[in-house]
Amino acid sequence: MAAELRGVVAMDGPGGTGKTTVARRLANRLGAGYLDTGAMYRAITLAALRAGADVAAADAVTTVAKAADVEVGTDPDAPVALLDGDDVGAEIRGDVVTSAVSAVAAVPAVRELLVGQQRDIIDRVLAEVGGIVVEGRDIGTVVAPDARLKIFLTASAEVRAARRLAQDSAAGRESNHGDVLRSVDRRDRLDSTRAADPMRPAADAVEFDTTDVGVDDVVASLCELAEQRGILAGRGATP
Ligand code: DC
């Protein structure tokens, strides 16, 4: 029997640090669920844009957020994102949403709403499969402060921009290194300086620099950490 995750792994850090790839692979390897909280902020942003709301207007964005039906899948192999029943997985990762999402994620009432939904999803997945890897910016600090393992991934801005560029190119989106680097920097600044739940490592988070480390090695190190924390069931040893 393979080792299985018991409890929550919180995976925070800025964009381009490998969070999504690492979180999905870790969840898959440990038979756990997976939650991409960024996809929820992105779906609300798309809803605001579709409604023609000014994303800088907190009240308008809050009204849209309360009315929107956002559903994100928790299967690490198929993390779908639905907005009012439409599959918006590709659209929410395009430039238009990416440029606007930090403003929406800074609205306290939107955060309150989504944090509540995220906690409900986490409770449901824990009851169903026993373990979940949750990625975002405030998972270890706000959404799941009791998580058994908290990881904060980092990487140099250059490497993060290069990874974003590769993702854009794989998805058929046109971009260039300078623009992506500026956009990565801007989003970090907005996400880490906002008043409501700013991005920061929890006091008990393990910081992991992925600049020169491949995904497989990061995942292997996290599995070791999980084992040391005693949050793996099953074989009880190396997953
Ligand atoms: O991880 P991502 O790039 O898909 O996140 C999109 C945006 O949402 C990002 O600018 C920060 C914000 N976000 C947040 O504020 N809190 C989270 N838990 C997840 C994402």
Side-chain angles (χ1 to χ4, degrees), residues 1-40 72-81 89 93 118-156 159-160 162-164 166-167 170 199-239:
M1 181 183 163
E4 288 191 348
L5 178 66
R6 289 289 168 261
V8 178
V9 173
M11 183 95 62
D12 290 303
T17 52
K19 265 189 335 269
T20 301
T21 314
V22 167
R24 287 178 60 183
R25 229 182 265 185
L26 185 68
N28 173 287
R29 186 144 154 195
L30 299 181
Y34 160 75
L35 177 61
D36 176 1
T37 60
M40 299 172 76
V72 289
T74 54
D75 174 352
D77 295 326
V80 292
R93 292 187 175 87
Q118 290 156 13
R119 288 183 178 147
D120 289 345
I121 295 169
I122 292 169
D123 286 347
R124 176 174 52 77
V125 173
L126 286 179
E128 282 171 10
V129 293
I132 184 165
V133 180
V134 187
E135 71 155 286
R137 302 289 189 287
D138 61 341
I139 310 306
T141 50
V142 176
V143 177
D146 297 332
R148 307 276 298 274
L149 177 59
K150 299 178 185 177
I151 307 295
F152 195 87
L153 295 185
T154 61
S156 72
V159 161
R160 290 162 47 213
R163 288 176 186 161
R164 218 358 87 80
Q167 279 168 9
M199 170 176 71
R200 62 182 169 81
D204 52 350
V206 178
E207 292 197 37
F208 204 108
D209 185 344
T210 68
T211 304
D212 298 314
V213 190
V215 171
D216 287 344
D217 290 338
V218 178
V219 173
S221 299
L222 298 188
C223 284
E224 262 172 49
L225 270 175
E227 192 186 333
Q228 285 163 15
R229 295 282 167 97
I231 55 174
L232 299 186
R235 216 167 48 194
T238 328

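Please read these numbers as outputs of a predicted model, since none were measured by experiment. The figures here come from the full heavy-atom set of this structure, side chains too, leaving out hydrogens, waters and symmetry mates.
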- Which atoms form the tightest heavy-atom contact between Arg119 and Val142, and what is the distance? NH2-O, 2.6 Å

- Query: Does Val9 reach the side chain of Arg148, with side-chain heavy atoms less than 4.5 Å apart?
  - Reply: no

- Report yes if the side chains of Asp36 and Val72 come closer than 4.5 Å at any heavy-atom pair, otherwise no. no

- Closest approach of Leu232 and Ala226, non-hydrogen atoms and distance? CD2-CB, 3.9 Å

- Message: Rounded at 0.5 Å granularity, tell me how far OG1 in Thr21 sits from CG in Leu26.
- Response: 12.0 Å

- Query: Any side-chain heavy atom of Glu4 sitting closer than 4.5 Å to one from Leu30?
  - Reply: no

- Task: Could I get the full list of side-chain hydrogen bond (donor to acceptor under 3.5 Å, both in side chains) partners for Asp209, not counting sequence neighbours?
- Result: Thr211

- Is any side-chain heavy atom of Gln228 closer than 4.5 Å to a side-chain heavy atom of Leu225? yes

- Message: Under a 4.0 Å threshold between the charged nitrogen and the carboxylate oxygen, would Asp77 count as salt-bridged to Arg24?
- Response: no

- Glu207 side chain near Ile151 side chain, heavy-atom distance below 4.5 Å: no

- Distance-only, no hydrogens or angles: does the Thr17 side chain make a donor-acceptor pair with backbone N or O of Ala155 under 3.5 Å? no

- Message: On a heavy-atom basis, which atom in Arg160 and which in Gly15 lie closest, and how many Å separate them?
- Response: NE-O, 2.8 Å

- Under 3.5 Å, side chain of Thr210 to main-chain N/O of Gly18, donor-acceptor pair present? no

- Under 3.5 Å: donor-acceptor pair, side chain of Asp12, backbone of Gly140: yes

Name every donor-acceptor pair, under 3.5 Å, that has one atom in a side chain of residues 125-139 and the other anywhere in the protein, sequence neighbours excluded.
| unit_1 | atom_1 | unit_2 | atom_2 | d |
| --- | --- | --- | --- | --- |
| Glu135 | OE1 | Thr20 | OG1 | 3.2 |
| Glu135 | OE2 | Thr20 | OG1 | 2.9 |
| Glu135 | OE2 | Tyr34 | OH | 2.6 |
| Asp138 | OD2 | Arg111 | NH2 | 2.9 |

- Step by step, would you call Leu5 with Ile231 a side chain to side chain contact (heavy atoms under 4.5 Å, CB included)? CA-CA 6 Å; Leu5 178 66; Ile231 55 174; 3.7 Å; yes

- Salt-bridge contact Asp217-Arg25 (side-chain N to carboxylate O under 4.0 Å): no

- Query: Nearest heavy-atom pair of Lys19 and Gly13: which atoms, and what distance?
  - Reply: NZ-O, 2.8 Å

- Taking all non-hydrogen atoms of both residues, which atom of Lys150 and which atom of Ala202 are closest, and how far apart? CD-CB, 3.7 Å

- Whether Arg6 side chain and Ala233 backbone form a donor-acceptor pair below 3.5 Å: no

